[in-house]
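One structure below.
Protein chains get the first letters and strands the later ones, always in sequence-line order, with residue 1 at the start of each.
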Amino acid sequence: MTRSEERRAPGQDRAGPPRLLMPEPAEGWAAWLDGLFRRLLSAFGPRHWWPSALAPAPARAEPFEMIAGAILVQNVAWSNAAKAVRALAEAGLLDVAAMAAAPAEAVERLIRPAGYFRQKTGRLKGFAAYVSERYGGDLAAMLARPTPDLRAELLALSGIGPETADCILCYAADRPVMAMDAYTRRIFARLGLFSPDIRYHDMQAFFHAHTPADAALRGEYHALIDTLGSRLCRKRAPRCGECPLADLCARVDVA
DNA sequence: TTCCTGGGCG
DNA sequence: CGCCCAGGAA
């Protein structure tokens with residue numbers, strides 16, 4: 001052990017996992033998280049993410065539909081985004097080349113139900129233009145790149161932040177990446193595990209450290225968390241009486 | 001009818 | 001930290 005390691009107080013390693021507000025259970029975090037997953041799965045059933053807006057579950061979206069949906073769902077309920085995805089499909093715009101060539105006004109009109117239609121039009125067309133220019137329109141080639149490179153590439157595009165990038169990595173590129181979101185932060189803060197202001201990367205590091213590196217598993221986990229967060233563990237007036245995790249929740253007030 | 005929710009950017 | 005938006009809750 002080096003001198004600097006000796007000097008550092010326990011639990012103060014700056015590069016380590018996030019400081020958790022709850023002691024590790026005797027079974028360990030991996031088993032605890034697995035138990036949570038099982039409860040959510042039996043409560044809600046498989047979520048079949050990423051859902052296709054064009055066909056009923058368990059149909060899954062094709063890569064470009066998935067990516068368009070991920071951009072359109074930013075800051076809105078899925079039902080709104082799904083309307084926009086269907087409108088794009090009917091207009092033949094769920095296609096890289098067609099989207100890149102489409103007039104912005106036409107896209108804006110079609111995606112209006114998803115809100116933020118001007119920014120989201122720029123994001124959709126920007127993404128399509130990027131794939132057209134860099135990959136000759138071959139989205140599969142882009143999605144085949146190594147995970148760290150692909151993530152950096154996605155994050156460099158305007159309108160794709162950490163959550164959207166990680167959703168694309170998991171659901172379109174099939175990588176074992178678990179997306180985090182406002183629901184994840186709120187649920188695990190209420191449970192008493194996370195600080196309410198925990199950073200995205202720290203949440204993700206915790207889940208990645210204690211769940212199997214499996215794209216299907218992590219994708220399902222994120223989907224189940226989303227379902228819990230939107231249906232029951234809502235920001236205001238959470239429905240704790242119906243929550244499958246109620247008995248192990250600290251019910252921390254996250255304001 | 002107003003209020004609230006929700007990613008990403010400049 | 002304010003702005004972009006629609007639609008469900010209150």
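- Sorted by first and then second residue, the side chain to side chain donor-acceptor pair (under 3.5 Å) pairs with a member in residues 57-67 of chain A read Ser52(A)-Glu65(A); sequence neighbours excluded.
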N/O donor-acceptor pairs under 3.5 Å from side chains in residues 67-86 of chain A, not counting sequence neighbours:
unit_1	atom_1	unit_2	atom_2	d
Gln74(A)	OE1	Arg123(A)	NH1	2.6
Gln74(A)	NE2	Gly159(A)	O	2.9
Gln74(A)	NE2	Thr164(A)	OG1	2.9
Asn75(A)	ND2	Tyr116(A)	OH	3.3
Arg86(A)	NH1	Ala53(A)	O	3.2

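- Residue contacts for Tyr200(A): at a heavy-atom cut-off of 4.0 Å it reaches no nucleic acid atom on any strand shown.
- Near-neighbour residues of DNA chain B inside residues 147-160 of chain A, defined by a heavy atom below 4.0 Å, number-ordered: Leu157(A), Ser158(A), Gly159(A), Ile160(A).
- Here Arg185(A) lies out of heavy-atom contact (under 4.0 Å) with every strand.
- Sorted by first and then second residue, the pairs that involve residues 246-255 of chain A and meet side chain to side chain donor-acceptor pair (under 3.5 Å), not counting sequence neighbours, are Arg39(A)-Asp247(A).
- Side-chain atoms of Lys120(A) come within 3.5 Å of backbone atoms of Ala114(A) as a donor-acceptor pair (strictly under, hydrogens ignored).
- Atom CZ of Phe194(A) sits about 6.5 Å away from atom CG of Leu20(A), to the nearest 0.5 Å.
- A side-chain donor-acceptor contact under 3.5 Å links Gln204(A) to the backbone of Met178(A).
- Under a 3.5 Å cut-off, the side chain of Glu108(A) and the backbone N or O of Phe117(A) do not form any donor-acceptor pair.
- Taking the charged nitrogens against the carboxylate oxygens, Arg218(A) and Asp214(A) have no contact shorter than 4.0 Å, which rules out a salt bridge.
- Residue Lys235(A) is the one, among Lys235(A) and Gln74(A), whose nearest nucleotide of DNA chain B lies closer to the 5' end (criterion: closest heavy atom).
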Could you pull out the protein-nucleic contacts involving nucleotides 6-10 of chain C (nitrogen or oxygen on both sides, under 3.5 Å)?
unit_1	atom_1	unit_2	atom_2	d
dA6(C)	O3'	Pro113(A)	O	3.2

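- Glu163(A) comes within 4.0 angstrom of the backbone, heavy atoms only, and of no base.
- Using a cut-off of 4.0 Å between Lys/Arg side-chain N and Asp/Glu carboxylate O, Arg151(A) and Asp166(A) are scored as salt-bridged.
- The main-chain N or O of Gly219(A) is found under 3.5 Å from a side-chain atom of Tyr171(A) such that the two form a donor-acceptor pair.
- The closest donor-acceptor contact from the side chain of Arg47(A) to the backbone of Glu220(A) lies at 3.5 Å or more, if one exists at all.
- What separates CD1 of Ile111(A) from P of dC4(C) is a distance of 16 Å, to the nearest Å.
- Contacts between chain A and DNA chain B, taken as any atom within less than 4.0 angstrom of a protein heavy atom, begin and end at dC4(B) to dC9(B).
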